[in-house]
> 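So that we are looking at the same thing, I have put the structure below in structure tokens.
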Amino acid sequence: KMLGFLKDNQILSSLPPQQLNMDEANKVIIFERNNLIFVFNFHWQNSISDYKFNSQQNGKFRIVLSTDDPDFGGFDRVDANIEYQTLDHGFLSIYLPSRTALILKKK
């Protein structure tokens with residue numbers, strides 16, 4: 001499923017990733033590649049209910065892949081049907097569970 005997604009979205013053949021956020025305290029890394037936003041929460045315990053970061057794009061986003069999905073052994077804490085709207089100046093606010101990776105795509 002993940003490999004097919006990467007192939008369909010031409011991730012490996014696109015330009016190098018652009019770092020959007022590196023948060024050492026919360027153990028969060030966010031980068032953009034080929035118009036997709038990759039969000040990683042490596043913290044073993046901290047889930048963040050209102051994590052804000054600058055997407056550098058205005059618009060609406062949706063989750064297209066979540067490692068919290070039961071298909072990946074996750075706990076189904078992320079609602080993939082939610083549409084995220086950027087706030088002022090391209091900032092997004094999302095729920096970010098511990099030990100997960102999310103991929104967001106602009107609608």
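All values reported here derive from a predicted model rather than from experimental measurement.
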> Less than 3.5 Å apart, any donor N or O on the side chain of Asp23 or Tyr51 sitting next to an acceptor on the other?
yes
> Test your reading of the model: is there a side-chain donor-acceptor pair from Thr86 to the backbone of Gly59, 3.5 Å cut-off?
yes
> Can a donor-acceptor pair be found, under 3.5 Å and without considering hydrogens, that links the side chain of Asn58 to the backbone of Gly90?
yes
> Does any part of the side chain of Asn54, heavy atoms only, come nearer than 4.5 Å to the side chain of Asn21, both counted from C-beta?
no
> With heavy-atom distances below 4.5 Å as the criterion, would you say the side chains of Ile37 and Phe53 are in contact?
yes
> Can you name the closest pair of heavy atoms from Asp68 and Val78 and give their distance?
OD2-N, 3.2 Å
> Between Phe61 and Tyr84, is the ring centroid distance below 6.0 Å?
no
> If you look at every heavy atom in Arg77 and Pro97, which pair is closest and at what distance?
CZ-CB, 3.4 Å
> Whether Glu83 and Lys60 form a salt bridge (side-chain N of Lys/Arg under 4.0 Å from carboxylate O of Asp/Glu) is what I want to check.
yes
> Verify, without hydrogens or angle tests, whether Ser47 (side chain) and Ser98 (backbone) share a donor-acceptor contact under 3.5 angstrom.
yes
> Hey, does Asn41 have a side-chain heavy atom less than 4.5 Å from the side chain of Asn26?
no
> With no hydrogens and no angle check, just 3.5 Å: does a side-chain donor-acceptor pair link Glu32 and Gln19?
no
> Hey, does Ile82 have a side-chain heavy atom less than 4.5 Å from the side chain of Arg62?
no
> Side chains of Ser55 and Leu92: closer than 4.5 Å at any heavy-atom pair?
yes
